[in-house]
J.: 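Just dropping this structure here.
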Amino acid sequence: MKIDLYSDTKTRPSAGMRQAMFEAEVGDEQQLEDPTVLELVETVASRLGQESAIFLPSGTMANEIAIMLHCEPGSELIAHETSHCLNFESGAPSGLAGAMIKGIRGPNGFFTAEDVHAAIRPKRHLYPQSRLVIVEQTTNMGGGAVWPLDQMQSVVAASREHGLALHLDGARLWNASTASGVSLYDYAKMFDTVFVDFTKGMGAPFGAILAGKSDIIERAWTFKQRLGGSMRQAGIMAAGCLYALNHNFDRLTDDHVNANKLAQLLGEVAGLKVETPATNMVFADTSGLGMSAQQFQDALASDGIRISAVGPHRIRAVTHLDISAADIETVARAIARIAAAT
Ligand SMILES: *Cc1c(COP(=O)(O)O)cnc(C)c1O
């Protein structure tokens with residue numbers, strides 16, 4: 001594909017990032033001897049207002065370790081019904097942690113303190129016991145939307161009232177912070193565990209961090225080892241993540257500008273109903289064109305452009321490091337041509 005808007009995971013490591021990886025100082029990660037990994041976990045933990053952190057190959061492993069930390073078999077976690085952990089982790093909450101999931105509905109992938117109160121199970125032996133609430137920031141299938149800080153705080157307060165643990169799925173916390181101006185720290189410090197990803201808007205080929213209190217992260221090491229996530233000279237990976245932090249975080253605003261521009265241009269296409277993007281994801285409904293999302297995706301693919309069909313009539317386009325302002329114009333022209341031909 002010439003222009004790939006399928007996801008912000010489609011970036012290639014840049015020459016600068018590869019050079020940083022090439023030059024990385026390394027050691028045995030499993031033995032806590034890799035200096036570059038140690039630098040990364042310390043840097044990110046402090047940015048997130050957490051005591052400690054652990055380096056992992058993927059965000060999915062980070063979410064699942066968090067679930068294993070907070071839930072025992074037969075207990076229940078509360079998450080939005082569109083959340084990544086519920087839909088795109090191969091059933092791992094049950095498959096690995098033995099946890100049940102209570103999916104909550106709500107616009108934009110958000111839910112409220114009242115929703116949490118309503119979802120919590122009474123403490124009686126016939127019910128699964130509620131243990132954990134997961135908040136996704138930004139919401140992925142919720143439209144790349146940014147939880148307002150006060151709504152997040154009230155969900156946290158409601159969960160705490162019932163003694164539940166809290167995990168932040170911050171795969172795109174970077175984008176949330178960029179869009180809202182709220183620091184990573186202010187979002188993250190109120191959670192027991194926080195995961196951030198380096199493979200989404202940040203442009204690294206792998207790497208995720210799970211942060212929390214020191215005793216929680218100490219326990220996380222057991223699960224990391226158990227899942228085969230302990231590594232050796234992982235400084236090569238961590239150097240890519242540090243490079244991303246230092247070079248690719250501040251530029252996320254470009255992706256948001258590009259997403260906005262795309263939404264604006266698509267808004268001019270008759271028959272296409274476009275949602276206003278909050279960050280780097282543009283969602284639109286193709287019903288008015290008389291086309292399914294899949295037909296729309298296929299039509300664009302013949303122009304060398306990839307977007308994804310995420311529902312019968314819902315399409316998603318994600319901007320990222322390897323998408324330029326000129327690419328956005330090209331995509332908008334191709335879409336206008338397709339619409340005119342229907
Ligand atoms: C991508 C993603 C994950 C999983 O991250 P990987 O690094 O791809 O395993 C978790 N949560 C959300 C919201 C995501 O978008």
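Note that ligands are numbered from 1 as they come in the structure, with each ligand's atoms numbered from 1 the same way. Only heavy atoms go into these numbers, but all of them, side chains included; no hydrogens, no water, no symmetry mates.
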J.: Are any of the N/O atoms in Asn140 less than 3.5 Å from those in ligand 1?
T.: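 Yes, there is a polar N/O contact under 3.5 Å.
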J.: Quick test: of every protein heavy atom, which one is nearest to atom 2 (C) of ligand 1, and how far off is it to 0.1 Å?
T.: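 For this ligand atom, the closest protein heavy atom is Lys200 NZ, 2.3 Å.
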J.: Among protein heavy atoms, which lies nearest atom 11 (N) of ligand 1, and at what distance?
T.: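 Result for atom 11 (N) of ligand 1: Asp169 OD2, 2.6 Å.
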J.: At a 4.0 Å cut-off, with the gap strictly under it, does some heavy atom of Phe195 reach an atom of ligand 1?
T.: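 In this structure, Phe195 qualifies as a contact of ligand 1 - some heavy atom is under 4.0 Å.
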J.: To which protein heavy atom is atom 5 (O) of ligand 1 closest, and what is the distance rounded to 0.1 Å?
T.: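 For atom 5 (O) of ligand 1, the nearest protein heavy atom comes out as Asp197 OD2, 3.0 Å.
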J.: With a 4.5 Å limit on heavy-atom distance, are the side chains of Arg172 and Met281 in contact?
T.: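 They are in side-chain contact.
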J.: Check for a donor-acceptor pair, side chain of Gln129 on one end and backbone N or O of Pro122 on the other, with a separation under 3.5 Å.
T.: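 Side chain of Gln129 to backbone of Pro122: a pair is present.
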J.: Between Phe88 and ligand 1, which part of the residue brings a heavy atom under 4.0 Å of the ligand: side chain, backbone, both or neither?
T.: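 Contact part for Phe88 vs ligand 1: neither.
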J.: Working note: Thr330 + Asp327, criterion side chain to side chain donor-acceptor pair (under 3.5 Å); need CA distance, chi angles, decisive distance, verdict.
T.: CA-CA 5 Å; Thr330 307; Asp327 291 336; 5.1 Å; no
J.: Near Gly59, which atoms of ligand 1 are under 4.0 Å from a heavy atom of that residue?
T.: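 What qualifies from ligand 1 is 4 (C), 5 (O), 6 (P), 7 (O), 9 (O).
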J.: For atom OH of Tyr6, is the number of surrounding heavy atoms from other residues, nucleotides or ligands below 6.0 Å larger than 12?
T.: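 For Tyr6, atom OH is not crowded (no more than 12 foreign heavy atoms under 6.0 Å).
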J.: Using modelled atom types and a 3.5 Å cut-off, is there a donor and acceptor pairing between side-chain atoms of His162 and backbone atoms of Leu164?
T.: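 No.
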J.: Nearest 0.5 Å, what's the CH2-OG distance between Trp147 and Ser180?
T.: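 If we round to the nearest 0.5 Å, Trp147:CH2 and Ser180:OG are 14.0 Å apart.
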J.: Tell me if a side-chain donor or acceptor on His80 pairs with a main-chain N or O of Gly106 at a distance below 3.5 Å.
T.: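 Checked: pair present.
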J.: May I ask you to check whether Ala171 has an N/O atom sitting below 3.5 Å from an N/O atom of ligand 1?
T.: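 No, no N or O pair falls under 3.5 Å.
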J.: Looking only at distance, does Glu136 have an N or O less than 3.5 Å from an N or O of ligand 1?
T.: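 Glu136 vs ligand 1: no N/O contact under 3.5 Å.
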J.: Regarding ligand 1, does Thr60 bring an N or O atom to under 3.5 Å of one of the ligand's N or O atoms?
T.: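 There is such a contact, yes.
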J.: What part of Asn63, side chain, backbone, both or neither, has a heavy atom within less than 4.0 angstrom of ligand 1?
T.: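 The answer is the side chain.
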J.: Test ring pair (Phe, Tyr, Trp, His ring centres under 6.0 Å) on Trp174 and Tyr187 and set out the steps.
T.: CA-CA 10 Å; Trp174 323 105; Tyr187 283 132; over 10 Å; no
